[in-house]
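This report refers to the structure that appears directly beneath it.
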Amino acid sequence: MDKEKFYVTTAIAYTSKTPHVGNTYELVLTDAIARHNRYIGKDVYFLTGTDEHGQKIQEIAEEQGITPQQHVDKIAGEIRDIADMLNISYDGFIRTTDDHHVKAVQKIFKKLYDQGDIYKSEYEGWYCTPCESFWTQTQLKDGCCPDCGRPVQKTKEEAYFFKMSKYQNQLERYIEENPDFIQPESRKNEMLNNFIKPGLQDLCVSRTSFTWGIPVDFDPGHVIYVWIDALSNYITALGYSVDEKGELYKKYWPADVHVIGKDILRFHTIYWPIMLMALGEPLPKKVFGHPWMLFGEEKMSKSRGNVIYAQDLVRHFGVDAVRYYMLHEMPFAQDGTITYEVFISRYNSDLANTLGNLVTRTVAMVNKYFGGIVPAPAEEGEFDADLRSAALNAMPAIEKKMDSLRVADALDEIWKVVNRANKYIDETTPWILAKNDETKPRLGTVLYNLIEAIRIIASLLSSYMPETSKKILDEIGAEESSYESVKTFGAYKSGSKVGNADVLFARIDSEKKLEELSVEMEQAQKPDIDIAPYKDYIEFDEWEKLDIRVGKVLECEPVKKSKKLLRFTLEVGNEKRQILSGISQYHKPEELIGKNVVFIANLKPRKMMGLESCGMILSAEHDGKLTALTTINDIQSGAEIV
């Protein structure tokens, strides 16, 4: 009998910069969903990857003096390394620069154009580069992007548009007839009432103002805009390309769930379903818009100095502690929060004290009282049934929670068994039973029951904390940890040997660790700048020979036939002075007019490109770039720098 298939995806990560822990939460969340479905016997395909085109990436690459491909290769490599570090069990990793994806997207665009769903026109409006979104004047919030709050630019260009309104009624019907399509429920209402029912505008799907994108093959001046490019990854990764549907596509599509951030829900529940309708392909069964992970009460931002990276958390606390925190502390529908204080508190209480202590002291008692060999159960006692019931009820409860994607609640079900096992130790008092030979059979039963409960706990943890699951199973010498085995209490083979009671999670000194982290974060905020070596000392009278002044820029223009020179006319008190400066690569002339610049006034005049330069404008150099020195306050021109 064929296994039930399960296809799950993350949104593909944008390769503008290294992702922080809030961005990587989605990987861990989706991995837990994928692992759980494998665990219960489904044939799972888990896709993740990187979104690598767009104006923002082209601009970043130009600023760095590298090609866009070099930039995305670097960031995509970092994203994949983070996924591997976090033990993400993806089956496919797509990059939108992959050749097969590029060709498939061109075919999708052409099909939509040929059937009249895409047409050429002209776009005029406001564009947000970070969000890669167009907005009308009325959509702006305080003159800025309504999504991210950043400034927007007025844009006018020829573009292709997708007829969204043609499919509006069909999409409305689909959402209303499939109540689980958008999760959580609040997000569904938001999409219907705020975006769909008021009326869909046609969508801009090509650009001509930049080149870093997939070319429209029948109109080379255009590149295919992010929505058709990036959203298509969910099917192109499976071998879909309009005229050909690969075996993976035939097997796994439609997706069982797209796991995405709530901020891109509109694109996945409006643009993407309409694209699929136009292509005549089935829609995904579910789109889950998960909440954000905040730093305290704020979104993470480098400018705020509150960015936490998964790499740093793993270095300090280990992979599974990070996975546990991400999965357990994020609510289903509301934003979650992370601070180092809360992280350490959860680590100590849930992992070190509750789970780790249960395993360590149980194994230690087997070593102490039975030479490390787990005895067969021999004498039933008062609290055994309750422990068995807690262990056996966990899996059905977990399945119910995971079916509705409530991962944090599923972990709570496991911790109910952990807490019950700890209580069982207090109730049965093995250390007292060990004092009397007559109660040794009962002691053996108690320890067997604890080891069996720990086996079930470890097996259940495999979807969420895979390394810890394996460590615990190795520590208790368990041979069986399958999905079927947790339906039975008593599958552990008595006579097996346990380990040395190694500590799973060492308790952290909170004050000491927070101090260490504070120093590290403070250091990270300091700019990593390589400064030029200092020149040799000079005598004070040599400094006094320099006449450094402030001059107001009256005119500034490029020098003809020169790639570097700008010609300045400065107001210096009552006189005017002409100075040439080789900074045209770093400044636009109009941005300097009216500014006060600092210059050396007593350099001997010299000719450059046939023009006389009477002085030197001072500039600061960093990373190969020059910035003219200007004054903060409006100082009288001609003022001497002393």
Side-chain angles (χ1 to χ4, degrees), residues 14 16 51-62 68 96 102 105-171 194-232 242 264 266-268 270-279 588 590:
Y14 197 48
S16 57
D51 174 9
E52 303 187 9
H53 291 124
Q55 182 177 346
K56 185 176 179 181
I57 285 171
Q58 182 171 315
E59 289 176 357
I60 290 170
E62 287 170 354
T96 57
V102 169
V105 168
Q106 289 176 321
K107 289 180 181 179
I108 289 169
F109 193 95
K110 184 70 161 60
K111 175 180 170 65
L112 297 176
Y113 176 76
D114 288 344
Q115 67 191 31
D117 286 317
I118 286 178
Y119 63 93
K120 186 191 276 191
S121 185
E122 188 174 75
Y123 180 82
E124 184 171 6
W126 298 94
Y127 181 66
C128 175
T129 300
C131 292
E132 304 214 34
S133 295
F134 290 102
W135 305 102
T136 64
Q137 182 68 46
T138 56
Q139 289 173 317
L140 299 180
K141 188 174 180 181
D142 298 326
C144 294
C145 172
D147 273 358
C148 72
R150 294 183 179 94
V152 290
Q153 291 83 40
K154 186 80 170 177
T155 302
K156 183 177 181 179
E157 62 182 276
E158 183 182 80
Y160 284 92
F161 291 82
F162 191 107
K163 294 179 181 177
M164 304 291 287
S165 55
K166 176 180 173 182
Y167 296 92
Q168 176 170 335
N169 292 337
Q170 188 179 342
L171 178 62
N194 294 1
F195 294 100
I196 300 173
K197 289 184 177 179
L200 294 177
Q201 302 295 314
D202 288 352
L203 180 68
C204 179
V205 290
S206 82
R207 301 292 306 278
T208 57
S209 56
F210 62 91
T211 57
W212 182 241
I214 297 174
V216 176
D217 52 3
F218 58 87
D219 195 347
H222 290 255
V223 295
I224 297 169
Y225 193 38
V226 60
W227 312 126
I228 289 181
D229 175 6
L231 290 167
S232 297
V242 179
I264 54 172
R266 184 171 81 252
F267 315 130
H268 284 78
I270 300 177
Y271 303 170
W272 177 226
I274 286 178
M275 279 175 57
L276 289 167
M277 288 172 177
L279 291 169
K588 294 177 182 177
E590 59 270 20

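As the structure is a computational prediction, the values presented were derived from the model and not from experiment.
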Ring center gap for W272 and F267 short of 6.0 angstrom: no
Could you give the distance from [atom1] ([X]) to [atom2] ([Y]), rounded to the nearest 0.5 Å?
X: Y225; Y: S206; atom1: OH; atom2: OG; answer: 10.5 Å
X: Q58; Y: K56; atom1: CD; atom2: NZ; answer: 14.0 Å
X: T96; Y: Y14; atom1: OG1; atom2: OH; answer: 9.0 Å
X: L203; Y: F161; atom1: CG; atom2: CZ; answer: 9.0 Å
X: C204; Y: E122; atom1: SG; atom2: CD; answer: 11.0 Å
X: L279; Y: K107; atom1: CG; atom2: NZ; answer: 13.0 Å

Applying side chain to side chain contact (heavy atoms under 4.5 Å, CB included), run through I60 and S16 and close with a yes or a no. CA-CA 7 Å; I60 290 170; S16 57; 3.8 Å; yes
I'd like to check [X] versus [Y] (side-chain heavy atoms, cut-off strictly below 4.5 Å). Are they in contact?
X: V226; Y: H53; result: no
X: T155; Y: E124; result: no
X: F109; Y: I118; result: yes
X: Q106; Y: I214; result: yes
X: L112; Y: F162; result: yes
X: K166; Y: D117; result: yes
X: K163; Y: L200; result: no
X: I224; Y: I108; result: no

Return the minimal non-hydrogen interatomic distance between [X] and [Y], and the atom names on each side.
X: H268; Y: L231; value: NE2-CD2, 3.6 Å
X: P151; Y: Q153; value: O-NE2, 4.0 Å
X: P273; Y: L171; value: CB-CD1, 3.7 Å
X: E52; Y: W212; value: O-NE1, 2.6 Å
X: M275; Y: S232; value: CE-OG, 3.5 Å
X: L140; Y: P146; value: CA-CD, 4.3 Å

Would you say E157 and T208 are linked by a side-chain donor-acceptor pair, where the criterion is simply a distance under 3.5 Å? yes
Can E158 and H222 be counted as having a side-chain donor-acceptor contact under 3.5 angstrom? yes
Between the main-chain N or O of T211 and the side-chain N or O of Q55, is there a donor-acceptor pair closer than 3.5 Å? no
Side chain Q170, main chain M277, donor-acceptor under 3.5 Å: no
Would you find more than 12 non-hydrogen atoms of other residues, nucleotides or ligands less than 6.0 Å from [X] atom [atom1]?
X: Q201; atom1: CD; value: no
X: K141; atom1: NZ; value: no
X: D142; atom1: CG; value: no

Tell me, with the steps shown, if D217 and K110 meet salt bridge (charged side-chain N to carboxylate O under 4.0 Å, His left out). CA-CA 8 Å; D217 52 3; K110 184 70 161 60; over 6 Å; no
Decide yes or no on salt bridge (charged side-chain N to carboxylate O under 4.0 Å, His left out) for K120 and D219, but give the supporting numbers first. CA-CA 10 Å; K120 186 191 276 191; D219 195 347; 2.8 Å; yes
Please assess V223 against V216 for the test side chain to side chain contact (heavy atoms under 4.5 Å, CB included), listing each intermediate value before the final yes or no. CA-CA 5 Å; V223 295; V216 176; over 6 Å; no
Can you check ring-ring contact (aromatic ring centres under 6.0 Å, His included) on Y113 and Y119, steps first, answer last? CA-CA 6 Å; Y113 176 76; Y119 63 93; 9.7 Å; no
Identify, with sequence neighbours excluded, every residue that meets side chain to side chain donor-acceptor pair (under 3.5 Å) alongside K197. none
